[in-house]
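See below for the structure under consideration.
Remember, it's 1-based here, ligands and their atoms both numbered in the order they're listed. Counting begins at 1 with the first residue of the sequence.
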Amino acid sequence: MNNVWEEAKYNLQKAAEIMGMKDDLLERLSIPMRFTEFTIPVRMDDGSRKIFTAYRSNHQDATGPTKDGTRVRADLTPEEIKALSLFMSIKHGIGNIPAGGGKGGIKADPSRMNEGEYERLIRGFIRKLKPKGAWVDVPGADIGTGKQAMAWMLDEYEQITGVHCPAAINDKPAILGLGGSKGGFEATGWGVAGCTVEASMELGFQPDKTKVVIQGFGQVGSITAKTLFEHGFLITAVSDINGAIFNDHGLNIDALLEYSGSTGTVMGFQGGETMDGERILEKECHILIPAAVQDVITGENAPRIKAKLIVEAANAPTTPEADTILENRGITVIPDVLANAGGCIVCDFERIQGLSGDYWDEEEVHRRLNKRMMTAYQEAKSVMEEKGISMRRAVWVNALAKIVEAMEIRGWS
Ligand code: NAD
């Protein structure tokens with residue numbers, strides 16, 4: 001299944017079968033409630049004008065205002081944006097976040113634009129989208145947009161409306177007047193680590209005897225490694241795009257973070273030996289955390305994976321074929337939509353803080369995040385046990401049950 005929209009609908013269909021979802025509701029959830037395609041004219045620095053295509057998909061709003069990211073990528077497709085908006089509905093359901101699913105995007109390559117062109121593109125996105133505010137549709141960041149882009153989006157929105165409203169845009173810088181939340185950078189890694197600790201306890205793993213292998217040492221992988229290291233786990237191998245390093249007695253993650261922070265890679269770190277980056281997934285360990293790119297655990301390598309627990313920090317790291325193999329081998333998989341939901345949960349905290357004007361310190365954000373992640377994990381586990389299904393199916397069923405309940409009680413079916 002190469003088309004991400006087809007894959008999203010496949011997961012929806014499978015969960016709907018388990019739930020016995022009414023046909024009209026399944027049909028409704030299989031099509032975004034609203035999908036907008038529009039153009040953004042941008043004046044380039046050489047004096048020419050370029051037209052960029054943009055999208056915004058609002059999957060459903062029975063559970064609250066549609067919310068989330070804006071992806072800027074040269075090969076972006078409308079199907080990708082539709083699929084991501086459905087995933088956001090699911091993630092919000094999992095995290096008990098009162099929001100529907102939203103996703104936007106611009107077909108452009110930021111690396112080929114200078115700063116002024118990129119700023120005009122981002123501001124143009126808001127001018128042409130005309131987002132309807134904090135209680136209707138809230139854009140956030142994704143690949144190709146970061147804190148600076150979201151600050152421009154908020155500024156543009158506030159210039160248009162003449163009203164300060166930090167909750168109208170997500171993922172903003174955590175500085176006075178911009179309304180961002182502390183802990184936004186760490187959120188996803190903290191959430192992945194929280195799920196890992198919880199699942200390890202259930203499997204009877206003792207942290208100081210538990211070997212963890214992490215593919216990818218960027219924002220998510222490095223925070224996950226640091227948090228698990230602080231919990232006493234043995235992080236025995238990590239990799240990045242350049243290759244992998246290992247130490248069977250455990251890598252010193254504090255020293256590695258300092259090293260990779262200055263060199264830009266984990267390779268060459270003195271506290272470990274090098275190994276083939278491709279092979280890291282098959283290395284002897286208790287827990288494997290793919291935190292890099294999609295489709296790395298495949299039908300080909302799944303039979304050789306040694307881990308007893310896989311926590312999907314990356315989006316879609318496991319192909320459907322591999323998923324079946326892992327399930328048959330009795331390997332526990334915490335699926336991406338649950339494991340990496342920490343970022344969405346802190347986005348919700350950002351909204352709550354923006355609406356109330358009461359901003360929390362990092363400790364408070366981390367404490368509340370852990371509580372929400374544990375609730376989401378335990379809810380999914382109960383559904384899994386009650387229905388005798390995999391965790392992946394259980395998180396979809398659990399989230400969809402909440403969405404369907406909201407639709408039915410509103411009288412939409
Ligand atoms: P990042 O760019 O900060 O880090 C990615 C890491 O993966 C880097 O260390 C990079 O060198 C490494 N990498 C890239 N290709 C690789 C390969 N083929 N083999 C091994 N390592 C490779 O990205 P991130 O923000 O840490 O995101 C990682 C994953 O988590 C992505 O799948 C992303 O979609 C997902 N995710 C991220 C967030 C978030 O809040 N950042 C939220 C949800 C999901």
Identity and distance of the protein heavy atom lying nearest [atom]:
| atom | result |
| --- | --- |
| atom 19 (N) of ligand 1 | Gln215 NE2, 3.9 Å |
| atom 40 (O) of ligand 1 | Thr188 OG1, 2.8 Å |
| atom 24 (P) of ligand 1 | Val220 CG2, 3.9 Å |
| atom 12 (C) of ligand 1 | Ile241 N, 3.8 Å |
| atom 8 (C) of ligand 1 | Gly218 N, 3.8 Å |
| atom 29 (C) of ligand 1 | Ala292 O, 3.4 Å |
| atom 3 (O) of ligand 1 | Gln219 N, 2.9 Å |
| atom 34 (O) of ligand 1 | Asn315 ND2, 3.1 Å |

- Should the heavy atoms of other residues, nucleotides or ligands under 6.0 Å from CD of Glu230 be counted, would the total exceed 12? yes
- Partner of Glu156 under salt bridge (charged side-chain N to carboxylate O under 4.0 Å, His left out), picked from Lys130, Arg123, Lys128, is Arg123
- Item | Pairs meeting criterion side-chain hydrogen bond (donor to acceptor under 3.5 Å, both in side chains) with involvement of residues 283-292, two or more places apart | Asp248-Lys283
Consider only side-chain N and O atoms of [X] and [Y], and report whether a donor and an acceptor are under 3.5 Å apart.
| X | Y | value |
| --- | --- | --- |
| Asn11 | Glu7 | no |
| Thr265 | Asn242 | yes |
| Ser222 | Gln219 | no |

- Message: Check whether Trp190 forms a cation-pi arrangement with Arg368 (NZ or CZ under 6.0 Å from the six-membered ring centre, at most 45° off the ring normal).
- Response: no
- Message: For Phe87, does the six-membered ring have the charged nitrogen or CZ of Lys103 within the cation-pi criterion, i.e. under 6.0 angstrom from the centroid and within 45° of the normal?
- Response: no
- Task: Show which atoms of ligand 1 fall inside a sub-4.0 Å distance from at least one heavy-atom site of Val293.
- Result: 15 (N)
- ligand 1 contact by Ala313, heavy-atom criterion under 4.0 angstrom: yes
- Query: Mind checking whether Ala314 has a heavy atom under 4.0 Å from ligand 1?
  - Reply: yes
- Message: Looking at non-hydrogen atoms alone, which of Val266, Asp240, Asp336 comes nearest to atom 20 (C) of ligand 1?
- Response: Asp240
- Item | Salt-bridge criterion met for Glu364 and Arg367 (N-O under 4.0 Å) | yes
- Please indicate whether any nitrogen or oxygen in Phe217 is less than 3.5 Å from any nitrogen or oxygen in ligand 1. yes
- Query: Backbone, side chain, both or neither: what part of Ala291 comes under 4.0 angstrom of ligand 1, heavy atoms only?
  - Reply: backbone
